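Every chain is numbered from 1, with letters handed out A, B, ... down the list of sequences. All values below were derived from every heavy atom in this structure, side-chain atoms included, with hydrogens, water molecules and symmetry-related copies excluded. No experiment lies behind these values; they were computed from the predicted model shown.
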Protein chains: 4
Amino acid sequence: MKVGVIGASGYTGGELLRLLSGHPKFNLNYIAAGNNAGELITLLHPQLTAFSGQKFSQTNTTEINSCDLVFIALPHGESAKLISQIDARVKIVDLGADFRLSNVKDWEKYYGGVHAGSWLYGLPELVNHKEIAIATKVANPGCYATAIALSIAPVLADIDTSDIVVVAASGTTGAGRSAKVNLLGSEVMNNLTSYKFGGVHQHTPEIEQILSEFAKSAVKISFTPILAPMPRGILATVTAKITTESNLDSLRSKYSHFYLKSKFVSLLPANQMPMTSAVLGSNNVQIQIAVDTHVNRIVISTAIDNLGKGAAGQAIQNANLMCDFPEDLGLHAVGVR
Amino acid sequence: MKVGVIGASGYTGGELLRLLSGHPKFNLNYIAAGNNAGELITLLHPQLTAFSGQKFSQTNTTEINSCDLVFIALPHGESAKLISQIDARVKIVDLGADFRLSNVKDWEKYYGGVHAGSWLYGLPELVNHKEIAIATKVANPGCYATAIALSIAPVLADIDTSDIVVVAASGTTGAGRSAKVNLLGSEVMNNLTSYKFGGVHQHTPEIEQILSEFAKSAVKISFTPILAPMPRGILATVTAKITTESNLDSLRSKYSHFYLKSKFVSLLPANQMPMTSAVLGSNNVQIQIAVDTHVNRIVISTAIDNLGKGAAGQAIQNANLMCDFPEDLGLHAVGVR
Amino acid sequence: MKVGVIGASGYTGGELLRLLSGHPKFNLNYIAAGNNAGELITLLHPQLTAFSGQKFSQTNTTEINSCDLVFIALPHGESAKLISQIDARVKIVDLGADFRLSNVKDWEKYYGGVHAGSWLYGLPELVNHKEIAIATKVANPGCYATAIALSIAPVLADIDTSDIVVVAASGTTGAGRSAKVNLLGSEVMNNLTSYKFGGVHQHTPEIEQILSEFAKSAVKISFTPILAPMPRGILATVTAKITTESNLDSLRSKYSHFYLKSKFVSLLPANQMPMTSAVLGSNNVQIQIAVDTHVNRIVISTAIDNLGKGAAGQAIQNANLMCDFPEDLGLHAVGVR
Amino acid sequence: MKVGVIGASGYTGGELLRLLSGHPKFNLNYIAAGNNAGELITLLHPQLTAFSGQKFSQTNTTEINSCDLVFIALPHGESAKLISQIDARVKIVDLGADFRLSNVKDWEKYYGGVHAGSWLYGLPELVNHKEIAIATKVANPGCYATAIALSIAPVLADIDTSDIVVVAASGTTGAGRSAKVNLLGSEVMNNLTSYKFGGVHQHTPEIEQILSEFAKSAVKISFTPILAPMPRGILATVTAKITTESNLDSLRSKYSHFYLKSKFVSLLPANQMPMTSAVLGSNNVQIQIAVDTHVNRIVISTAIDNLGKGAAGQAIQNANLMCDFPEDLGLHAVGVR
């Protein structure tokens, strides 16, 4: 399998390269980066010693069309532009937002501009693997969306789905690699601060979309994102009113069953809490739940690596499924910490 | 005014010393620390150069009784034991939890052991200053309790008070200075993790107590605390269903009026978010609010310094009021960042 | 005293405002910021609540000339341009490099462009206070230069001054507030990396200049700077061959005597090491020394706050001396930590 | 190959487990941890999901003797005690210090107690691989020792070996996982501080030993260690007087040749500096050199992961060589960052 990475100079691109360099089936032979074409890969990703001496290529549709599969990790709006020039036979996992939303109004409200259409939403734990296997184009979910949707999906039947409250904090790589004053180390260290405050984060509609499809009824979330003083990781706290007679044991058992066959998602033992440091560099998802009886709420705490299961790891998981490889091929089950 | 600090070797104790060293009226002449008695103050608090050469004293009731006012910063249970030996005339601000809760069952549930009684709850923005002025004993609120109660108090009449959802993250000094593996730098850096998960944090009853008194009706909160990779600061995200016809403007105006005369609490301008780094070392509270119309919720983001307004700063604010000094005497209005 | 701050939007500018807001004699009535003129001060310095509602002014020589004293915190080259339009009577403390070097060739080698001249080098511990008192223009030393010169000055007669080796690490605010990818939080956290490597850091000549003047013989240093994952603080490790019969006691005693009257610099007790966290927000300098007998070297470890004694604090110390105020007026002796 | 890890509960033990879980030849079937025997591995190493459900075993010589190879990661003094009960046929890589030093006086000075003897010092880049291949017992170098020895070894003939100056900073995992107040996150964040100050760090003699053997003449170093606010990584700055006519080009060429066949150590291109974040989780060593002509010194900057090449990675590299496997088998060439 000839594979390519388009937009390889960002943090997500770097993580794709890292994971693909150890993948036994994907033969990475095209690595493109718009503005950084011609530069040494290791100048931007100094950890990627396996790529020493190699340079970023120009983004070029001829090269893309010579690949069997490409990962696109571009800012939103960019992959939509590119897509018309790519042969239908080329499998694509798009890590951007362009093809995630099926609702045109949602796109216009949260992103603006022309809606490019929608592809299969590649959250493998919530989507039939056979659908992914036959798809040639997959929209890879957003990092927050992944953490939040996986947190609550197993118990949608037990909660008030019209009022799910989420507060989730992300490390700074989630904000990308652009040179902005508010992302300087001097600004982010010692600091917690909210942003896109008041329900305006663009992952909101994709979370509601996938959960509504899954629940077969409208799901609504209140989502407050926070920037945390660490490079990687998302910790999502999700809470909702319990509407059934469920108790902690019955709810725990729903999670256990739901993720029974999952290679990456697990409900932790009762005495262990999810930690972002424990999923660093992995495709793992750690979940813990509690029932706060005095307010009758389920509370869920979930940790992922925003660049792993939140982006590059999940993209490779999708690509594996699209190619009939084992879901976890080339994906380190073990975090670095 | 002769003042003393009991329990001066912890982080809260250190911050009390720092603030008191610059206070024009409080003459700090007794600095006690149980296990660290006899050690140089600067060995434990190397930043406190004003105390160079001085040592921690033994905790001794004769010395305490020679003071006009003492701050007690001991683990819970300790100040209750001490109190019987202190003369009634000595003013006390207790930074521990022993006298915060009026409900015996709450005490037993969240702390265990014998309930020592309750004192005036010294959250000056929610309590009549005249009450504080005549009190000789004040229970200084918990750090989370301060951030959360101040976040929502102005709009209790506009929300569903039976279902306030709070997720709040604290820097590591909030967990104290005891040598525990889970508080090691190697563990906390790069890490966000929840603790006291599922509504069991001991600040829950004091928040509900003060807000219920204030609202004149039962207030209930779902509170999830998080440990964040930074030494100081709390960022609280508080959200509740709006039950009135309020909109963002009318709610903003309630905060503005509520904190109009406050020297420390302020609603930020619309385009500015609270940052824990912006309140570092100060007694300030930064609040921002939004209305998420698609779920009809008010969302509040609030930043404090857990050692400042969350502990030592507020204790001095209370002491100032108890002594008829200006509320902000000796309290730096300006953070360090 | 009417004072102004030119270049108030950067980190050094912000620290000047913070310190000046609590200064009893300097009446801060002109706050200028080139590109940020017209913006709210608290938007850039959210910690400076004392300046709420106030905006940055344009940089304007009429306004400057209405001040008795101005602090200039501009990138190098900028104050030299400004200076010709400022009345001779206006006292100036220049926190930039423009007037630090007396040697034209040094200027050309390390900075490039036209050498603007040189002013009194305001390192008060190494310069006669009377000279500062009569100066109207003072060049405030660089942050590294301050830490390094104070580290070794007391023992210049005891060491091989032709071969002083320095490795010093700085927090990220030392690199300023410009939006550069290499200063992003995602890049600097978890990272130590050297820069300006191989003796090319521009503080090298000013350190050699002040120490050579002080030693009355040529001093040479090998200086390697490092960027550290924290916002503030410099830890300098300075080592040199001992050339006399000195031992640890005699060398300690030289430091003690040298800094006997200093309000800010101190040799720590033998069992305590300098910590950058212990000088945070203060004008303090912590020094510890050792003698490594097996290589016959003195080793000195010194901590300062790069924005405090390394910039804004020292500038105010100089300004105090220029105005015959007590050296430490308005300078917090106590760090925040 | 049946392999065991003794002392698996510490940070080094955890990294051994992580790396061994992906090793194609070493079959990890004995995982022992003294005090933590009986606990779930994932409770202490939550990132090691591959070990879910598995518990630490007791340290037991019968079990050890059933292994073909064991890694011992115990505090110093502990492996010496254990060794007499281990069969001679069991290959051992000892990650502790017990068998690193050949000189009894050095042992007594830096560690105290009885000297247990010395084994082959397993720094594969400086030791004949054939010697390692026939060794059954190898002493794995210390983390600082690895970084420092590799920094200067290629140019020992070009420098004054009697006066090598080293300042090196380490992340906090280097200090182990014991609960000490000075290692709390609240203490280490925002902080740089030296320790074991004045030439007393216990890695000093092993660095001098290996370099002296290598140079065939006495090598002396002045070494100042620093604790840095990050969990992992060492950045070593090494400098020495140049005694030959070498220039930057000739010195660069020595490093290039010296590490030509090395799979892990590389001299970076001229415009790139070593970063601890770039070697995170890998066995890589990044080196950059400069010549500071104005003091005639070579300056070397070197980054390693203290738990990777500085401990667990190098131990596996040694084990590979002892078993005639490719040197880099199971060692990720690529860092995480």
Side-chain angles (χ1 to χ4, degrees), chain A residues 162-171 186-195 197-200 204 208 220-224 226-235 237-241 248 273-278 280 288-301 303 337, chain B residues 162-171 186-195 197-200 204 208 220-224 226-235 237-241 248 273-278 280 288-301 303 337:
Chain A
S162 74
D163 188 37
I164 300 170
V165 174
V166 181
V167 178
S170 171
S186 300
E187 304 285 319
V188 299
M189 290 186 280
N190 294 323
N191 197 13
L192 282 174
T193 193
S194 248
Y195 63 101
F197 185 64
V200 301
T204 307
E208 295 183 345
K220 279 196 173 180
I221 69 159
S222 155
F223 169 33
T224 303
I226 291 170
L227 190 67
M230 58 189 195
R232 283 186 178 208
I234 285 178
L235 188 77
T237 306
V238 180
T239 174
K241 280 278 182 195
L248 182 57
M273 291 303 300
M275 305 169 104
T276 61
S277 65
L280 207 86
Q288 186 54 280
I289 69 164
V291 172
D292 184 346
T293 50
H294 105 289
V295 291
N296 194 33
R297 282 185 167 272
I298 183 172
V299 190
I300 304 129
S301 181
R337 212 193 184 202
Chain B
S162 74
D163 188 36
I164 300 171
V165 175
V166 180
V167 178
S170 171
S186 300
E187 305 284 320
V188 299
M189 291 186 279
N190 293 324
N191 198 12
L192 283 173
T193 193
S194 247
Y195 62 102
F197 185 64
V200 301
T204 306
E208 294 184 345
K220 279 195 173 179
I221 67 159
S222 155
F223 168 33
T224 303
I226 291 170
L227 190 67
M230 58 188 195
R232 284 186 177 210
I234 285 178
L235 188 77
T237 305
V238 180
T239 175
K241 280 278 182 194
L248 181 57
M273 290 305 299
M275 303 169 105
T276 61
S277 65
L280 206 87
Q288 185 55 279
I289 69 164
V291 172
D292 184 346
T293 49
H294 105 289
V295 289
N296 195 33
R297 283 186 167 271
I298 182 170
V299 190
I300 304 130
S301 181
R337 209 193 186 204

**Request:** Sort B:P229 into side chain, backbone, both or neither according to what part of it lies under 4.5 angstrom from a heavy atom of chain A.
**Result:** both
**Request:** Kindly give the heavy-atom pair with the smallest separation between B:D292 and A:F223, and that separation in Å.
**Result:** OD2-N, 4.4 Å
**Request:** For the pair A:N191 (side chain) and B:M275 (backbone), establish whether a donor and an acceptor sit closer than 3.5 Å, ignoring hydrogens and angles.
**Result:** no
**Asked** Non-hydrogen atoms of chain B under 4.5 Å away: do they reach the side chain of A:V291, the backbone, both or neither?
**Response** backbone
**Fill in**
Smallest heavy-atom separation, A:P231 atom then B:N190 atom, equals CD-OD1, 3.4 Å
**Prompt:** So which part of A:S222 gets closer than 4.5 Å to some heavy atom of chain B, the side chain, the backbone, both or neither?
**Reply:** both
**Toward chain A, the part of B:T204 with a non-hydrogen atom under 4.5 Å** = side chain
**Asked** Of the non-hydrogen atoms in A:H294 and B:E208, which two are nearest, and what is the gap between them?
**Response** NE2-OE2, 2.5 Å
**Asked** Between B:T276 (side chain) and A:L192 (backbone), is there a donor-acceptor pair under 3.5 Å?
**Response** yes
**Asked** Given that the side chain runs from C-beta out, which part of B:I289 has a heavy atom under 4.5 Å from chain A: side chain, backbone, both or neither?
**Response** backbone
**Asked** Checking heavy atoms, do the side chain of A:S301, its backbone, both or neither come under 4.5 Å from chain B?
**Response** both
**Request:** Could you pull out the closest heavy-atom pair between B:F197 and A:M273, with the gap in Å?
**Result:** CG-CE, 3.5 Å
**Request:** Nearest 0.5 Å please: distance from the CE atom of B:M189 over to the OG atom of A:S277.
**Result:** 11.0 Å
**Asked** B:I226 versus chain A, heavy atoms under 4.5 Å apart: side chain, backbone, both or neither?
**Response** side chain
**Request:** Check each atom of B:A303 against the heavy atoms of chain A and say whether the ones under 4.5 Å are side chain, backbone, both or neither.
**Result:** neither
